[in-house]
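Here's the structure we're looking at; comments come further down.
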Amino acid sequence: IEGNYEFITTSASTAAPLQTSFDRITMVDLTTMTVVDSHTLNNASGVAVKAGIAYVTAANGLHIYDTSFGNLNLINTFPQGFGSYISINN
């Protein structure tokens, strides 16, 4: 959670491996409880947000989004191997 937004990563499970529509990063406005943006990923596994930047891990790499305008604007993607763990200092 950052500001009025929550950021959620979801992915298909082994019990429902064909549910790829759940494999994504989603940005939710907590004031209105509505989805404001969402992007499909490949086996999304985590998200950390700081200072308007969302760092999202997935099977195909680390995806970095600018969230400062109330949506998810992809800044950069680093290939597989860069996004296994996320740690952000305060």
Side-chain angles (χ1 to χ4, degrees):
I1 295 175
E2 183 173 80
N4 291 331
Y5 297 104
E6 181 174 16
F7 301 86
I8 306 162
T9 54
T10 54
S11 62
S13 71
T14 55
L18 301 178
Q19 297 296 323
T20 56
S21 63
F22 293 109
D23 203 1
R24 60 183 58 257
I25 173 70
T26 303
M27 183 176 182
V28 177
D29 184 329
L30 295 174
T31 305
T32 61
M33 296 307 290
T34 57
V35 172
V36 293
D37 204 355
S38 184
H39 289 257
T40 302
L41 295 171
N42 180 10
N43 198 18
S45 58
V47 60
V49 183
K50 183 174 183 180
I53 304 294
Y55 303 87
V56 183
T57 58
N60 61 343
L62 173 64
H63 308 276
I64 302 174
Y65 295 90
D66 179 354
T67 67
S68 60
F69 294 105
N71 60 356
L72 295 165
N73 293 312
L74 184 64
I75 297 172
N76 205 344
T77 295
F78 294 94
Q80 185 176 4
F82 283 90
S84 297
Y85 304 98
I86 302 173
S87 176
I88 299 177
N89 293 331
N90 290 331

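For the side chain to side chain donor-acceptor pair (under 3.5 Å) test, residues two or more places apart in sequence or in another chain that qualify with N71 are N73.
The shortest distance between side-chain heavy atoms of I53 and I75 falls below 4.5 Å. Side-chain contact between Y65 and H39: present, with at least one pair of heavy atoms (C-beta onward) separated by less than 4.5 Å.
If you take CD on E2 and CE on M27, they are separated by 9.0 Å, rounding to the nearest 0.5 Å. Here the straight-line distance linking atom CG of L41 with atom OG1 of T57 works out to 9.0 Å at 0.5 Å rounding. To the nearest 0.5 Å, atoms CG (N42) and CZ (R24) are separated by 12.5 Å. Rounding to the nearest 0.5 Å gives a distance of 10.0 Å between CD1 of I25 and NE2 of H63. Taking OG1 from T67 and CG from D37, the interatomic distance works out to 10.5 Å, rounded to the nearest 0.5 Å.
Minimum heavy-atom separation, G3 to I1: O-CG2, 4.0 Å. Minimum interatomic distance between S38 and T26 (heavy atoms only, all atoms of both residues): OG-OG1, 3.4 Å. Contact between D29 and Y5 at its shortest, heavy atoms only, is CA-CD2, 3.8 Å.
A continuous path of Ile, Leu, Val, Met, Phe, Trp and Tyr side chains, each step under 4.5 Å between heavy atoms, connects V47 with L74, placing both in one hydrophobic cluster. Transitive grouping of hydrophobic side chains (ILVMFWY, heavy atoms separated by less than 4.5 Å) brings V35 and I8 into a common cluster. At a threshold of 4.5 Å between side-chain heavy atoms, the hydrophobic network of Ile, Leu, Val, Met, Phe, Trp and Tyr places L72 and V36 in one connected group.
Judged by distance alone, with hydrogens and angles left aside, the side-chain atoms of D23 form a donor-acceptor pair with the main-chain N or O of A44 at under 3.5 Å.
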